[in-house]
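In what follows, a structure is listed as structure tokens, so that the remarks can point back to it.
Chain letters run A, B, ... following the sequence lines, proteins first and then strands; every chain starts at 1. If you're wondering where the values come from, they're calculated on a predicted model, not measured in any experiment.
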There are 2 protein chains.
Amino acid sequence: MSSRFADVKRTPSGEAVRHALADMLHRGAIGLLRGIKVADQETGISPPRLSALSVLVFAGPQSLASLAAAEGVKPPTMSKLIAELEAASLVQKSPDPEDGRGLIISATTKGRKIMLQGRDRRLALLRERLDGLSQREIARLDAAAPILLKLAQRP
Amino acid sequence: MSSRFADVKRTPSGEAVRHALADMLHRGAIGLLRGIKVADQETGISPPRLSALSVLVFAGPQSLASLAAAEGVKPPTMSKLIAELEAASLVQKSPDPEDGRGLIISATTKGRKIMLQGRDRRLALLRERLDGLSQREIARLDAAAPILLKLAQRP
DNA sequence: TTGACATAGTTCGTTAGGCTAACTAATAAT
DNA sequence: ATTATTAGTTAGCCTAACGAACTATGTCAA
């Protein structure tokens, strides 16, 4: 056991490390979402809708198809989600001026506000946990987070 | 704006960074799990069932209620999931010898085998993604992963 | 000891969110 | 100009979640 850990230290990109890393990321992702779910529920917006809204806020206005792709969902599913978000005045559909078939979907001010409030609640929840970490640990998380995102966005 | 970024650089645990960090971790976790969902589908077992099975394999035989609690789900939901897993001979229900109302639910050998295969596939998919990263990126992820786990495991 | 209450699990009916297939409308291509 | 392709929607189905109501068993106190 200890010799394997020694190997790990010496070859940080080797099989053993990747195996362990994959496992840690997997369990970490599951645990993190479980803990954060509560905060999202408080927004009154369901997770799929909140997530779509988040994409619109951070990535900007876009077509239904690209939004569906970003969310890993098929167009009919996104169509329904958007219809519901629109009914709640959280997003807005406008015709694409360059393509009569297309739409430009954007977050409304209200949608943006609610989404950001939800993020604040998540943060508050995370902060409790972050308080147990050193600045060094937080810095390491911060350095890794963009890589995690990149990993997550490569399908 | 650039002055805010300067602040961020100087105080890596400040408000702005934590906001961004919370959001990145959130979206990263969602994207990561979405990406490896496919592996679960290959088992022929739905994610909730596979997850319940996983609890049974790793935490051992237990009552329906505790299983439901472990999965963050209500008893009726778990009751149905278990009925389906039982029909597929992946779990087994036996009466609780100490309580005539209760059940002891356990994974069968078949269930255990299939669950472990599924997990291997999931991790293999994650490892494939890791292969697309540079050694430096992997090192950063590796440095952060235990912190992520620590964060995730504090409910 | 027995009647009242509590608990474990199930059944029922509803809702949300995902899919595919089939449709309409607009654009692109031959 | 006709045909094929593409964007989005509608319809119909499935799974998984919930709460309410039910059954059966266990617990407790009068």
| field | Interatomic distance where CD belongs to A:Gln41 and C1' belongs to D:dC18 [whole Å] | value | 12 Å

| note | Across all chains, not counting sequence neighbours, the salt bridge (Lys or Arg N to Asp or Glu O under 4.0 Å) partners of A:Arg136 are none

| request: Apply salt bridge (Lys or Arg N to Asp or Glu O under 4.0 Å) to A:Arg121 and list each qualifying residue two or more places apart in sequence or on a separate chain. | output: A:Glu42

| message | From CG of B:Asp96 over to P of D:dG26, roughly how many Å is that when rounded to an integer? | response | 9 Å

| task | Would you mind telling me which of B:Leu148, B:Leu126, B:Asp142 makes a side-chain contact (heavy atoms from CB on, under 4.5 Å) with A:Met24? | result | B:Asp142

| query | Under 4.0 Å between a side-chain N or O of A:Ser79 and OP1 or OP2 of D:dT9? | reply | yes

| field | salt bridge (charged side-chain N to carboxylate O under 4.0 Å, His left out) partners of residues 100-113 of chain B, not counting sequence neighbours, each pair once | value | B:Asp99-B:Arg101

| note | A correct 5'-to-3' footprint of nucleotides 25-30 of chain C, with B, S and - meaning base, sugar-phosphate only and no protein heavy atom under 4.0 Å, is -BS---

| remark: Rounded to the nearest 0.5 Å, the OG atom of B:Ser134 sits from the CD1 atom of A:Ile147 at a distance of 7.0 Å

| field | B:Ala69: partners by side-chain contact (heavy atoms from CB on, under 4.5 Å), with sequence neighbours left out | value | none

| request: Supply the members, apart from B:Ile104, of the Ile/Leu/Val/Met/Phe/Trp/Tyr cluster built from side-chain contacts under 4.5 Å; use none for a lone residue. | output: none

| When every nucleotide of nucleotides 15-23 of chain C is labelled 5' to 3' by its protein contacts under 4.0 Å (heavy atoms), B for base, S for sugar-phosphate only, - for none, what sequence of letters results? | --BSBBB--

Enumerate, atom names and distances included, each donor-acceptor pair closer than 3.5 Å involving a side-chain atom of residues 84-93 of chain B, sequence neighbours excluded.
| unit_1 | atom_1 | unit_2 | atom_2 | d |
| --- | --- | --- | --- | --- |
| B:Glu84 | OE1 | B:Arg49 | NE | 3.3 |
| B:Glu84 | OE1 | B:Arg49 | NH2 | 3.2 |

| Partners of B:Ser79 by side-chain contact (heavy atoms from CB on, under 4.5 Å), sequence neighbours excluded? | B:Leu64

| said: Under the salt bridge (charged side-chain N to carboxylate O under 4.0 Å, His left out) definition, can you give me all pairs with a residue in residues 57-74 of chain B, not counting sequence neighbours? | reply: none

| query | Atom CG of B:Leu50 to atom P of D:dA16: distance rounded to whole Å? | reply | 11 Å

| Roughly, in whole Å, what's the span from NZ in B:Lys93 to P in D:dA24? | 15 Å

| remark: Those residues at least two apart in sequence (or on a different chain) that pass side chain to side chain donor-acceptor pair (under 3.5 Å) with A:Gln117 are none

| field | Value in whole Å for how far the P atom of C:dT7 lies from CG of B:Leu103 | value | 18 Å

| request: For DNA chain D, find the residues of residues 60-67 of chain A with a heavy-atom distance under 4.0 Å and give them by number; none if there aren't any. | output: A:Ser63, A:Leu64, A:Ala65

